[in-house]
Structure formats: structure tokens, C-alpha cells
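The basis for the numbers below is simple: all heavy atoms, side chains too, and nothing from hydrogens, waters or symmetry mates. One-based numbering, in listed order, for ligands and for the atoms of each. Heads up: numbering here begins at 1 and tracks the sequence.
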Amino acid sequence: MERRKFIQAGSLIVAAGLIKPFQGAEIPVYSFEERIEGPMIISTWIHGLEANRAGWSILENGGSALDATVAGAMQTESDVANRSVGIGGRPDRTGHVTLDACVMDGDGRSGAVGYLEGIAHPAAVAKAVMEKTPHAMLVGSGARQFALDNGFATIKTPLPEVKKDYLQWRKENKELIKRPKINHENHDTIGLIARDAQGRFGGTCTTSGWAYKMPGRLGDSPIIGAGLFVDNEVGAATATGLGEAIIRVAGSAIVVELMRGGMKPSEACKEVVMRIIRKNKDLTGLQCGFIAMDRQGNVGGFSVYNGFNFALKTQTRDEMVDTEFDRKW
Ligand code: SD4
């Protein structure tokens with residue numbers, strides 16, 4: 001459906017009282033809804049453009065949605081300029097860069113790694129956990145040993161410029177329990193979801209997590225159901241932002257369940273974001289966003305604050321899409 005028609009349809013649904021506009025929020029306007037044919041891949045944030053292109057080389061050759069999203073994730077994990085994913089990620093408050101990732105396919109198979117240090121491609125290790133172990137998640141030194149045993153490349157982190165920033169942060173934040181902000185500056189985890197030529201879905205989420213987090217902290221990104229959820233019967237969803245809030249509403253799983261119940265992707269993402277807002281009275285200045293796609297070929301997203309967007313790649317499109325949001329910075 002064209003954007004304009006969809007907006008009108010959305011307004012009619014609201015007018016008919018089927019969806020209640022949330023107090024203080026504008027009437028829902030869906031940023032992008034369309035029945036896309038064939039393979040498609042969407043990824044959070046601007047770095048999603050390059051990631052999608054890496055994933056597309058797999059999709060256009062008949063490869064699986066899961067493999068496409070892992071390839072896209074690996075592209076971003078190698079980007080030395082990215083401060084929230086892979087080699088360029090920021091450390092925890094003790095100076096260690098620890099990486100989290102998960103993968104899931106539409107048949108319900110999944111793998112994850114958490115608190116993984118010094119390994120270049122946590123997304124690929126997560127896929128190996130899925131394929132080579134009976135487990136759903138490995139963390140810390142066990143995850144690292146598994147990666148080394150399976151020949152995954154190592155990296156030295158933090159990068160020198162990242163370490164410099166960290167030392168500066170430490171100087172300025174003597175009181176280390178102070179809550180660092182997840183905002184549009186330090187916020188660019190990548191979540192990728194795709195549908196392949198066979199109509200199968202797959203997804204990957206990878207991050208270095210909340211900059212200067214407490215040692216041992218995991219966010220939503222490696223947690224199936226929080227940072228990512230995929231089901232061939234429905235579609236897929238992935239998240240970015242304040243992981244604690246996303247975990248507490250089982251964010252991505254609920255987006256998929258709401259789509260199963262008939263909501264469009266952006267409606268489902270909005271419902272979960274609004275739930276997060278209702279349950280977190282102190283969310284001021286903290287971002288959370290979801291993106292999703294369904295079996296009908298609709299894609300969409302929604303975020304707490306403006307400025308969240310996702311990259312979309314299909315047979316005919318290669319572009320950024322702004323999501324709707326509840327409030328402005
Ligand atoms: C986390 N969701 O670890 C991640 C952080 C994030 O952009 O999305 N940063 O909570």
C-alpha cells in the first residue's frame with residue numbers, strides 16, 4: 001500500500017476507535033508500509049546501508065536470510081569507526097570491550113554469545129553456537145574458548161582512540177556508578193532481519209553494548225526474544241537502544257506476537273515502544289527502537305525519540321527509512 005493511503009487507513013482505524021492514540025502522542029503515522037515482493041533485508045541505523053549490501057550479495061544468489069544477516073553484521077563488526085559494534089566498540093567501565101550477538105532463523109533455531117572479548121565476529125560465533133553445540137548461548141571465557149577452538153579470528157581491543165576516550169571518560173566520571181546515557185551519539189548497535197527468495201526469515205543482532213557498562217552486564221542484543229526474534233509463520237523483529245528496558249518487555253518477541261495477531265510491523269513496534277514508555281517513568285533521554293517485517297512484505301519501525309532510522313534493501317530499493325517516534329529530543 002502506498003504510504004499516503006496507509007496513513008489514511010491508519011487514521012481511519014484510529015478514528016474508528018480500533019487503536020487508541022496514546023496520550024500526548026500524535027495520531028499514529030506509519031513511516032513505511034508496502035507489500036514488498038521477493039528478498040528484502042532491513043538493518044538498524046545508517047551503517048545498515050553497507051551491511052545490507054553485504055547481505056544482499058547472499059540474498060541475490062539464492063542464499064538464506066540467516067546467512068545474509070550474518071554477512072551484514074560481519075561487515076559492521078569490521079568497521080573500525082563504529083563505536084557500538086565489533087572491533088571499534090567502546091569498553092565497559094574497567095576498559096574491556098565485550099561483545100554480544102545472537103542469530104535466529106525462522107524455524108526457531110538460534111545461537112548467541114555474550115561478554116565475548118577479543119574475537120572479531122561475534123555474530124559468526126553465535127551462528128556456530130547454533131550449528132555446532134546443543135546450547136542457545138555461550139558467554140565470557142567459555143564463549144571465547146569456543147571461538148578459538150573453532151578458528152575464529154582474534155582482535156585487539158579497545159582501539160587506541162577508543163581507549164583514549166575511555167580514559168577521558170574515567171577522568172570525568174569519578175563516580176563510576178553514575179548512569180551513562182544511551183542516546184543518539186553512543187547508540188548504533190546493528191540488528192538485521194531478512195526474508196530470502198524462498199520466503200524464509202532470519203536475523204542477527206550484534207553490539208558492544210552500553211558504553212562503560214558494569215563488567216558482566218548483558219543487554220538485549222544477545223538475548224533471543226529481546227534483541228531479536230524470528231518466526232517463519234509471522235516475520236521478524238529486532239531492537240536497538242536501552243537493553244534493560246527492551247529485555248523487561250521481551251521486546252522483539254512481543255513485536256512478532258503482535259504481528260501474528262494482525263498488527264502491521266510499525267503498529268507492533270509502536271505498541272512495544274509505548275509499553276516501554278509506560279513502564280519506565282525515568283526514560284528521559286534514553287532511546288529504544290524496533291524494526292520489523294512480516295510475511296506480507298510490510299516493513300516498519302518505531303522509536304521512543306526521533307532520529308531512529310533503518311536501511312532497506314530490496315530488488316529495487318537501497319535507502320534509509322525514518323521511523324515514527326513518540327517524542328523529540
Ligand atoms: C544494549 N541494545 O547493549 C544495546 C545497546 C544499543 O546502540 O543498542 N546501542 O543494550
Going by distance only, is there an N or O of [X] that falls short of 3.5 Å from an N or O of ligand 1?
X: Thr189; value: yes
X: Ser84; value: no
X: Leu242; value: no
X: Thr207; value: no
X: Gly209; value: no

**OP:** Answer with yes or no whether Arg217 contacts ligand 1, where contact means a heavy atom under 4.0 Å from a ligand atom.
**Re:** yes
Listing, residues 148-160 side-chain donor-acceptor contacts under 3.5 Å, not counting sequence neighbours, or none:
unit_1: Asp149; atom_1: OD1; unit_2: Gln145; atom_2: NE2; d: 2.9
unit_1: Asn150; atom_1: OD1; unit_2: Lys132; atom_2: NZ; d: 3.4
unit_1: Asn150; atom_1: ND2; unit_2: Phe146; atom_2: O; d: 2.8

**OP:** For ligand 1, note which part of Gln287 has a heavy atom under 4.0 Å away: side chain, backbone, both or neither.
**Re:** neither
Original post:
Strictly by modelled atom types, are Ser43 and Asn52 linked by a side-chain donor-acceptor pair under 3.5 Å?
Top reply: yes
Subject >> Donor on one side chain, acceptor on other, Tyr115 and Asp92, under 3.5 Å >> reply: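 Yes, because at least one side-chain N or O of Tyr115 sits under 3.5 Å from a partner of the opposite role on Asp92.
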Original post:
To the nearest 0.5 Å, how far apart are CD1 in Ile246 and CG in Asp220?
Top reply: 4.0 Å
Original post:
Same cluster for Val103 and Phe201 if Ile/Leu/Val/Met/Phe/Trp/Tyr side chains link at under 4.5 Å?
Top reply: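 Not linked; separate clusters.
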Subject >> Per-atom contacts of ligand 1 with Thr240, taking only distances under 4.0 Å to non-hydrogen atoms >> reply: 7 (O), 8 (O)
**OP:** Under 4.0 Å from a heavy atom of Trp210: give me the atoms of ligand 1 that qualify, with their elements.
**Re:**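 With Trp210 as reference, the close atoms of ligand 1 come out as 3 (O).
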Subject >> Arg275, CZ: over 12 other non-hydrogen atoms inside 6.0 angstrom >> reply: yes
